[in-house]
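Structure, as structure tokens:
The residues of the chain are indexed from 1 along the displayed sequence.
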Amino acid sequence: MSTKQTGGRPPEPSKKWDVVGVGANSVDYVYRLPDSPRADSPTAKLRIASHTVSCGGQMATALAACAALGLRTAYIGAVGTDDNGRRIRQELGGRGIDLSHLVTREGHNQFAVITVDERSGERVVLWDRDDRLMLQPEDIPAGVIASARLVHVDDVDEEAAIRAATLARKAGVPATSDLDRVTNRTADLVAAVSIPIFAEHVLPAITGEADHERALFKLRRTHAGMLCVTLGPRGSMMLVGDRLFVEAGFAVKAVDTTGAGDVFRAGFIHGLLSGHAPAEILRFANAAAALSCTRPGALHGVPALAEVVAFMAAAPAPR
């Protein structure tokens with residue numbers, strides 16, 4: 001991919017933002033461990049190798065990655081009045097993300113305790129937040145949604161996400177998603193977004209098909225949009241019309257996989273808004289996600305556009 005290609009289309013004059021993101025943020029307390037802890041085993045007690053505090057969360061990380069890729073971004077989310085809420089506001093604002101529609105509510109901000117296995121880079125996330133910080137449907141301004149080239153939602157506060165995606169459809173704005181769990185509202189959220197992007201464990205759960213290709217074609221019966229599923233280090237897969245695109249992942253030494261799925265979605269959004277072909281969208285998103293895995297932390301692992309372009313140019317062909 002050339003740098004010129006990756007630069008994308010010029011912004012639409014009528015649109016204030018390239019991406020408006022609706023969803024969650026978090027302050028992450030990350031503990032790197034020499035192994036994965038398991039009860040009743042020699043790893044039931046482990047010494048912490050290192051400990052860091054960094055910002056993350058599904059939407060915050062995706063928007064930070066979009067901003068690093070050169071997209072104009074705005075965030076609709078909720079933060080608490082505690083130190084973590086102030087930390088999130090400062091971190092996102094410092095990355096050039098428009099926070100004029102950020103909601104501040106009394107209570108403790110979402111935080112997560114994340115353990116990372118130093119050998120594999122795989123992580124476990126334990127999180128909590130004050131229920132008063134749930135994003136509500138009435139927190140979503142229709143005018144802001146209509147002012148975006150694309151709207152991106154996660155599945156943390158589903159009612160707010162469904163409203164945002166529904167408003168986007170009415171305004172003719174594409175809506176992508178971060179679908180990471182299955183609830184009684186997942187089907188409604190999938191129907192609301194125009195381009196659902198699934199974590200690999202979600203698609204089989206909602207379709208009853210263990211094979212991801214068959215699952216995508218089954219979902220095609222009820223959803224006409226681009227359908228994408230992430231496959232971790234194996235890459236990603238997308239159905240466009242009746243044509244299936246499969247792109248293998250890039251081989252990297254994983255340091256920390258926290259936020260990789262969020263960075264994938266940012267790469268996908270960048271490719272989509274740049275007018276790239278489906279295979280190139282997936283390849284760019286795979287590269288951005290793989291590069292983020294080589295660095296610790298969620299927001300700290302976000303790559304810049306030039307870094308992704310250089311990585312793709314230097315990396316061996318995807319496996």
Side-chain angles (χ1 to χ4, degrees), residues 17-28 54-69 71-80 84-85 87-105 109-112 114 125 127 129 133-137 139-141 144-145 148-165 167-168 173-181 189 192-193 195-199 202 230 258-270 273 285 288-289 292 297-302:
W17 298 287
D18 294 315
V19 186
V20 169
V22 179
N25 63 78
S26 175
V27 172
D28 298 337
S54 63
C55 294
Q58 288 164 258
M59 191 52 58
T61 304
L63 285 179
C66 284
L69 294 174
L71 298 174
R72 300 164 302 158
T73 59
Y75 179 40
I76 302 175
V79 295
N84 282 342
R87 184 192 293 265
I88 285 287
R89 182 186 290 274
Q90 181 177 6
E91 180 74 29
L92 297 184
R95 291 173 181 266
I97 298 170
D98 189 311
L99 302 179
S100 56
H101 302 284
L102 189 68
V103 178
T104 302
R105 292 199 174 102
N109 203 83
Q110 180 169 320
F111 69 93
I114 301 176
V125 181
W127 67 275
R129 71 168 173 179
L133 268 68
M134 286 184 64
L135 198 63
Q136 302 297 329
D139 294 326
I140 313 301
V144 175
I145 298 299
R149 295 175 66 198
L150 180 143
V151 171
H152 182 52
V153 302
D154 64 29
D155 59 4
V156 175
D157 295 320
E158 291 170 300
E159 299 305 325
I162 290 170
R163 172 169 167 77
L167 288 171
V173 176
T176 54
S177 68
D178 184 346
L179 294 167
D180 196 41
R181 61 183 182 138
L189 181 52
V193 298
I195 307 172
I197 304 175
F198 301 91
V202 172
T230 60
T258 305
D262 310 319
V263 174
F264 173 92
R265 285 157 177 81
F268 184 103
I269 290 166
H270 180 275
L273 293 180
S292 76
L299 265 67
H300 290 166
V302 165

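Not one N or O on the side chain of R89 forms a donor-acceptor pair closer than 3.5 Å with the backbone of G85. Side-chain atoms of D155 come within 3.5 Å of backbone N or O of D180 as a donor-acceptor pair. A donor-acceptor pair under 3.5 Å links the side-chain atoms of N25 to the main chain of A78, judged by distance alone. At least one donor-acceptor pair closer than 3.5 Å links the side chain of D18 to the backbone N or O of R72. At distances below 3.5 Å, at least one donor-acceptor pair connects side-chain atoms of R149 with backbone N or O atoms of L273. Checking side-chain atoms of Y75 against main-chain N and O of G23 turns up a donor-acceptor pair under 3.5 Å.
Taking CG of L102 as the start and CD1 of I76 as the end, the distance is 10.0 Å to the nearest 0.5 Å. Rounded to the nearest 0.5 angstrom, I140 CD1 and D157 CG are separated by 9.0 Å. Taking CG from D262 and OG1 from T61, the interatomic distance works out to 5.0 Å, rounded to the nearest 0.5 Å.
By the 4.0 Å N-to-carboxylate-O rule, E91 lies too far from R87 to be salt-bridged with it. A salt bridge between R105 and D139 is present, with a side-chain N of the basic residue lying under 4.0 Å from a carboxylate O of the acidic one. Note on E158 versus R181: salt bridge recorded, some NZ/NE/NH1/NH2 to OD/OE distance being below 4.0 Å.
What you find for C66 and V19 is that their closest heavy atoms are SG-CG2, 4.3 Å. Shown here for H101 and P141, the closest heavy-atom pair between the two residues is ND1-CG, 4.1 Å. When all heavy atoms of A285 and G267 are compared, the pair lying nearest together is CB-C, 3.9 Å.
At least one side-chain heavy atom of F268 sits less than 4.5 Å from a side-chain heavy atom of I197. By the 4.5 Å heavy-atom criterion applied to side chains, W17 and T73 are not counted as neighbours. The shortest side-chain heavy-atom distance between R95 and L299 falls under the 4.5 Å cut-off. Here the side chains of V79 and V103 are not in contact, with every heavy-atom distance at 4.5 Å or above.
With sequence neighbours left out, the side chain to side chain contact (heavy atoms under 4.5 Å, CB included) criterion links Q90 to no other residue. Taking T230 as the reference, nothing meets the side-chain hydrogen bond (donor to acceptor under 3.5 Å, both in side chains) condition, with sequence neighbours excluded. Legend: residues meeting side chain to side chain contact (heavy atoms under 4.5 Å, CB included) with S177, ordered by chain and number and at least two apart, are V153, L179, V193, P196.
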* **side chain to side chain contact (heavy atoms under 4.5 Å, CB included) between V22 and M59, worked out** => CA-CA 7 Å; V22 179; M59 191 52 58; 5.6 Å; no
* Asked: side chain to side chain donor-acceptor pair (under 3.5 Å) between S26 and R129: does it pass, once the steps are laid out?
  -> CA-CA 9 Å; S26 175; R129 71 168 173 179; over 6 Å; no
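A donor-acceptor contact closer than 3.5 angstrom is absent between the side chains of H300 and S54.
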